[in-house]
Amino acid sequence: MTTEIIDKNELHKMDPVFGQESFDNHEQIVFCNDKDTGLKAIIGIHNTVLGPSLGGTRMWNYTSEWDALNDVLRLSRGMTYKSAISGLNLGGGKAVIIGDAKTQKTPELMLKFGEFVNSLGGKYITAEDVGMQTSDMDLVRTVTPYVTGLSESLGGKGNPSPITAYGVFMGMKGAAQFTFGSDDLEGKVVYVQGIGNVGEALVERLSKDGAKVFISDINRDKLEEVRDKYNVKIYEGNDLYSEEMDIYAPCALGATVNDQTIGKLKTKIIAGAANNQLAVEQKHGKMLRDKGIIWAPDFLINAGGVINVYAELENYDRKEIMRKTEHIYDTTLEILKNAADNSITTYQAAYNIAQARIDERKNQK
Ligand code: NAD
């Protein structure tokens, strides 16, 4: 083995799994295949130092298996830091099922997937993510106990999205306190990109707080419905990133903060629900910092959902769920101050705290 520096693209070709850009010392990656049901899934277990890995299952029509692998690697890693920073005794994991949830998700396929989850003996606990519903988790529960996000009748804690939205709102207020010296969002211009389960619940809170909310989504019917319900404005332009605003709230897809968008951004704060908002964390975290844009780390402020499902495992009640989620305000403020005091990115400040908790536990073992 030579010691010369190897180009990352070359490494990618030589070592297609461990050399993957998104590979970050994941403990285990499980490829699940079943000819009869057509199941093709990947379970990514990033880290189990703090506890069993927990994270949702996403069903998505990936353009390639590489995309699916990349997604599960990034998402499972994100779960490690999300749970660590939220003080939960959970590791990070995630699963992806390759296929169209609308046309290819059958009960047989979900049961087979549940059997694969079960075969891991609790090292990975699944939950809902994009393309999944509570009823799917209820079905998976018939073949494995290693599943959360169940119906309330089965001991579940119900839809996590309003809790996620509450956490994002708290993180946004913490970021506003840090940036503007007040957490009052009245009159602040907020663009919410994606008004699905979380986005809509966030819009509700923002409009109650008197923020000037603009919404964007690819679903026109939904836009009109949410506009009428909360008296907010639909963004009719075609380049949201270039607009003057106080807060940009990405609540649809990941990686919207990237080489193309950062140059255009005029926002003062980014705080939203989407996972993996920064296309490349270190690089884009630094670019935001250089521009003076405050980024509230996604894995911190969108943790309400995992706090909600963790309650199913630890048996705590709604009051405790809300208390833990509300605490996101204080943690956000602490991290933003820490980043400013130490001249590091907010991503790095959040990551350091999460990693320190993992290292501490590792050293105790
Ligand atoms: P959702 O599927 O209910 O909503 C997503 C919305 O984004 C949809 O209305 C969709 O039409 C819209 N959308 C898709 N592409 C878009 C685009 N290019 N521009 C604008 N809008 C677009 O999902 P959700 O549960 O609300 O989750 C939103 C985000 O938050 C996801 O990235 C998810 O991973 C993340 N998240 C969700 C939770 C949760 O509890 N649901 C928890 C943590 C993180």
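Basis for what follows: all heavy atoms, side chains included, without hydrogens, waters or symmetry-related copies. For ligands, and for the atoms within them, numbers begin at 1 and follow the listed sequence.
Remark: among candidates Thr164, Ile215, Thr256, the nearest residue to atom 42 (C) of ligand 1 is Thr164, based on non-hydrogen atoms. If you check each of Cys251, Gly199, Gly304 against atom 5 (C) of ligand 1, the one with the closest non-hydrogen atom is Cys251.
Using a 4.0 Å cut-off between charged nitrogen and carboxylate oxygen, Arg323 and Glu326 do not count as a salt-bridge pair. Under a 4.0 Å N-O distance rule, the pair Arg220/Glu236 qualifies as a salt bridge. A salt bridge links Asp259 with Lys283; the closest basic N to acidic carboxylate O contact falls under 4.0 Å. Using a cutoff of 4.0 Å between basic side-chain nitrogens and carboxylate oxygens, Arg77 and Asp24 are scored as salt-bridged. Ion pair Asp36/Lys112 not flagged as a salt bridge, since none of the NZ, NE, NH1 or NH2 atoms sits closer than 4.0 Å to an Asp/Glu carboxylate oxygen. Taking the charged nitrogens against the carboxylate oxygens, Glu200 and Lys229 do have a contact shorter than 4.0 Å, which makes a salt bridge.
Note on ligand 1: Arg58 sits in its first shell, one or more heavy atoms being nearer than 4.0 Å.
Considering backbone and side-chain atoms together, Ala252 places an N or O closer than 3.5 Å to an N or O of ligand 1. Note: no N/O pair closer than 3.5 Å links Lys222 and ligand 1 by distance alone. Ligand 1 has no nitrogen or oxygen under 3.5 angstrom from a nitrogen or oxygen of Gly305. Close N/O approach between Asn302 and ligand 1 is not found [any backbone or side-chain N/O within under 3.5 Å]. Checked against a 3.5 angstrom limit, the closest N/O atoms of Val198 and ligand 1 fall inside it. When only interatomic distances are considered, the shortest N/O to N/O separation between Asn197 and ligand 1 falls below 3.5 Å.
Listed by number with element, the atoms of ligand 1 under 4.0 angstrom from any heavy atom of Gly194 are 7 (O), 21 (N).
Closest to atom 10 (C) of ligand 1, if we only count protein heavy atoms, is Asp217 OD1, 3.5 Å. Ile218 CG2, 3.8 Å is the protein heavy atom nearest to atom 17 (C) of ligand 1. Counting only heavy atoms of the protein, atom 41 (N) of ligand 1 lies nearest to Ser161 OG, 3.2 Å. In this structure, atom 18 (N) of ligand 1 lies nearest to the protein heavy atom Leu253 CD1, 3.7 Å. Among all protein heavy atoms, the one lying closest to atom 33 (C) of ligand 1 is Asn275 ND2, 4.1 Å. In terms of protein heavy atoms, atom 36 (N) of ligand 1 is closest to Ala273 O, 3.6 Å. The closest protein non-hydrogen atom to atom 4 (O) of ligand 1 is Gly196 CA, 3.2 Å.
Inside a 4.0 Å radius of atom 2 (O) of ligand 1 there is not any protein heavy atom. Shown here, atom 26 (O) of ligand 1 is in close reach of the protein: a heavy atom of it lies under 4.0 Å off.
Contact detail for Gly56 and Thr126: the closest heavy-atom pair is C-OG1, 4.2 Å.
Aromatic pair Tyr124/Tyr146: centroids not less than 6.0 angstrom apart.
Within the cation-pi definition used here (under 6.0 Å to the ring centroid, within 45° of the axis), Lys208 does not qualify as a partner of Phe169.
Enclosure of atom CZ in Arg318 is not indicated, since only 12 or fewer non-hydrogen atoms of other residues, nucleotides or ligands lie within 6.0 angstrom.
Partner of Tyr191 under the ring-ring contact (aromatic ring centres under 6.0 Å, His included) criterion, chosen from Tyr235, Tyr241, Tyr248: Tyr235.
Side-chain atoms of Ser216 never come within 3.5 Å of backbone atoms of Gln193 as a donor-acceptor pair (strictly under, hydrogens ignored).
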